[in-house]
Structures are given as structure tokens and as C-alpha cells.
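Let me begin by presenting the structure, written as C-alpha cells, before commenting on it.
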Amino acid sequence: MKICFVGLGSIGQRHLKNFMLVAKDYGINVNIHALRSSDRGLPKEITELVAKEITLESCLDHEYDIVFITNPTSEHISTIKRMAGRTRNMFIEKPLASDADFLISDLGLSREGVYYIAGPLRYSGVIRKLKELLPEERVHSIRAICSSYLPDWRPETDYRQSYSAQTEKGGGVAIDLIHEWDYIIELFGFPEKACRLTGNCSHLEIDSEDIAVYIAGYRNMLAEIHLDYFGRKPRRSIELLTEKGTITGDFIQGSISFTDGRRSLFMKEERNEIYLREMKFFLELVLREKNYSNLEKGLSLLKLALGKADE
């Protein structure tokens, strides 16, 4: 199987290692090409996996079984268009793009194949268990929060130089932390209406927004979503206010707790397990030659996150 990774930053390296683990489980021989925009050295464990580094020009001379798009968000659409004729299977790091001013039909993709936008929290133990519980619950309101301190994300690098800090590279909490909307839609579908406020309100030296707050309306409930880059104590959780009480899913603790007397649930899983589950899901689609695309859904999700759902 011939694979191309476009971008091998920290996220791309994680996907590469996980893909190789899953491919090994399936007994698949893999030949990895890497198209990089940086000349920074790669860890030895990554260089040993890459058979060949290619240039932007030479990539058009190859056909690939899968292309992984893990470069900066602002470059996703141009990369998808460039690689559309080189493969029928793409794994695209979230979000799909940094703006929503395009049509999926203009990307030049095949009608057959797998075009998949990542969303690893969908595969977490918390979300998997909530999906089992929800049919028995009457939810009146949702509160979701993702709050953490951007300089702590990658302590070995200057946060001011990260893509998260730069609007032009696709940074900002609205799309950088699009996971919250992604899993809410996985659980409840798209809201009927939504509004948002964003800002750059903290001391962080960035030009992207460091806070976004949403209010969304469903037929029988409301949702509140809070995202920020400046919370000193990391928090990532969802609260479901139900007829029986409050259910809290804590992604950091890997737990679900209840106020109605039920015992708390604890999902024992390593952090990387959710990425392995996702990679297995993707690879099985490719191996079974399924025609699958979540790009239209991903574009609608992006419009929602950007406050453009009505456009």
C-alpha cells in the first residue's frame, strides 16, 4: 500500500505512527512518502517509517492508495484539490478548512472512495457510553466546555509561533477546538439555530481569537458551548441537564457521573486508544472499498463553528 503524508508536524507524526500500528495488525505492507514544507528534522522513529521525502512538483508523478492531509488548516483545500487526482482515499485532519467559502463539488474528488475528516473524540469512551445512555434520557439542556492554557500545549515550542496563535494559518478556538461541536452533533445532530461571540480577551500574544461562546437551539433543548485558550486548569467536559438530574462526562478523567444516585462510570483507556479506534475505522472503510464521505457534514460543521450556519 502506497501512502502519502502531506505535513508531518506533531499531529501528522501521531497519525503516521498509529496508521503503521493498525496496518501491521492487518498485515499490510506500507510504503510511505512524505511531502513536507519544513526542513526541521524529524524524530528517528518517524524517519525510519518514511521511505521517501517528495517535493510539491514530484507528488504529481505518483498515485497513492491513501493521502493523509495533516498540514496547516489554511492549506487543506489547496492540498485536497492538488491530490484529488492522485488518490481516491483521504484522511483529513480536522477541521476541513479555515474558512467555508467553497463547495465540496469544486474539489475535484472521485464519486468513489473514502474522504474522511478526523474527529477523535467521537471514539472516546465518554462519547461511546453517552450514546448508549441517551435513548433513556430526556435532555433539557447541554453545557460543554473546553478550557486550557495554550502555552502549555507544547511546552517545548513558542506558542506564539504555533498555528493556533495565527489566524492566517487556521488558528483560533472556534475551529481549533471544533471537537466540541463535532461530538455534540454526533450525539444530538445539528441545532436548528445558533449564535456565537468570539474575542481576543486574554494576555496571550496571539492574533487569533482566544475565546468563543455559543448558544444553540434544538427543538426541545438549548446548548451552551464555551471554548478558550487561557484557562489555567484544563477542563474538557459536557453536562447534560436531564429530567432525572445532571450527567457529566469528563474527558480528562475519562468518567461519567450522575446526580440521581447512579454510580459513576470510569472508562479505562489510554489517551492514544481513541486515535487507534479512529484509524481502524478509517482503514477498514478503505480495505472494504466502501464509498464514504463526511465532507459535506464537515463543511456544515465548519460553518456552524464560524457562525456562518445560515449561509
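Sequential numbering from 1 along the given sequence is applied to the chain's residues. A quick note: this is a predicted structure, and the numbers were derived from the prediction, not measured.
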Review point. Salt bridge or not for R36 and E53, using N-O below 4.0 Å?
Key: yes
Practice item. Over 60° means perpendicular and under 30° means parallel, so classify the ring planes of Y292 and F281, tilted if in between. Key: perpendicular
Point to revise | Contact check, side chains of N89 and Y116, non-hydrogen atoms, under 4.5 Å | key: no
Check your understanding: Any side-chain heavy atom of C201 within less than 4.5 Å of one from D210?
Key -> yes
**Study point:** Ring centres under 6.0 angstrom apart (H33, Y64)
**Key:** yes
**Study point:** Distance-only side-chain donor-acceptor flag, T87 / D65, under 3.5 Å
**Key:** no
Review point. Is there a side-chain contact between L295 and I92 (heavy atoms, below 4.5 Å)?
Key: yes
Review point. How many angstroms lie between CE in M279 and CE in M20, if you round to the nearest 0.5 Å?
Key: 11.5 Å
Check your understanding: More than 12 non-hydrogen atoms from neighbouring residues, nucleotides or ligands closer than 6.0 Å to CD on E137, yes or no?
Key -> yes
Do any side-chain atoms of residues 165-172 form donor-acceptor pairs under 3.5 angstrom with protein atoms, and if so which ones, sequence neighbours left out?
unit_1: Q166; atom_1: NE2; unit_2: Q161; atom_2: O; d: 3.0
unit_1: Q166; atom_1: NE2; unit_2: S162; atom_2: O; d: 3.1
unit_1: T167; atom_1: OG1; unit_2: D207; atom_2: O; d: 3.2
unit_1: T167; atom_1: OG1; unit_2: D207; atom_2: OD1; d: 3.2

Check your understanding: Does a side-chain heavy-atom distance below 4.5 Å link I69 with M90?
Key -> yes
Check your understanding: Do F91 and F19 have side-chain heavy atoms sitting under 4.5 Å apart?
Key -> no
Exercise for review: For a ring-ring contact (aromatic ring centres under 6.0 Å, His included) with W153, tell me which candidate from Y159, F230, Y229 qualifies.
Suggested key: Y229
Counting only pairs under 3.5 Å, give me each side-chain donor-acceptor contact of residues 190-197, with atom names and distances, residues two or more places apart or in other chains.
unit_1: R196; atom_1: NE; unit_2: L306; atom_2: O; d: 3.4
unit_1: R196; atom_1: NH1; unit_2: A305; atom_2: O; d: 3.0
unit_1: R196; atom_1: NH2; unit_2: L306; atom_2: O; d: 3.2

Review point. Out of I104, V67, L107, V6, which one pairs with I80 under the side-chain contact (heavy atoms from CB on, under 4.5 Å) rule?
Key: L107
Check your understanding: Are M1 and L16 joined in one hydrophobic group, where the rule is that I, L, V, M, F, W and Y side chains link up if heavy atoms are under 4.5 Å apart?
Key -> yes
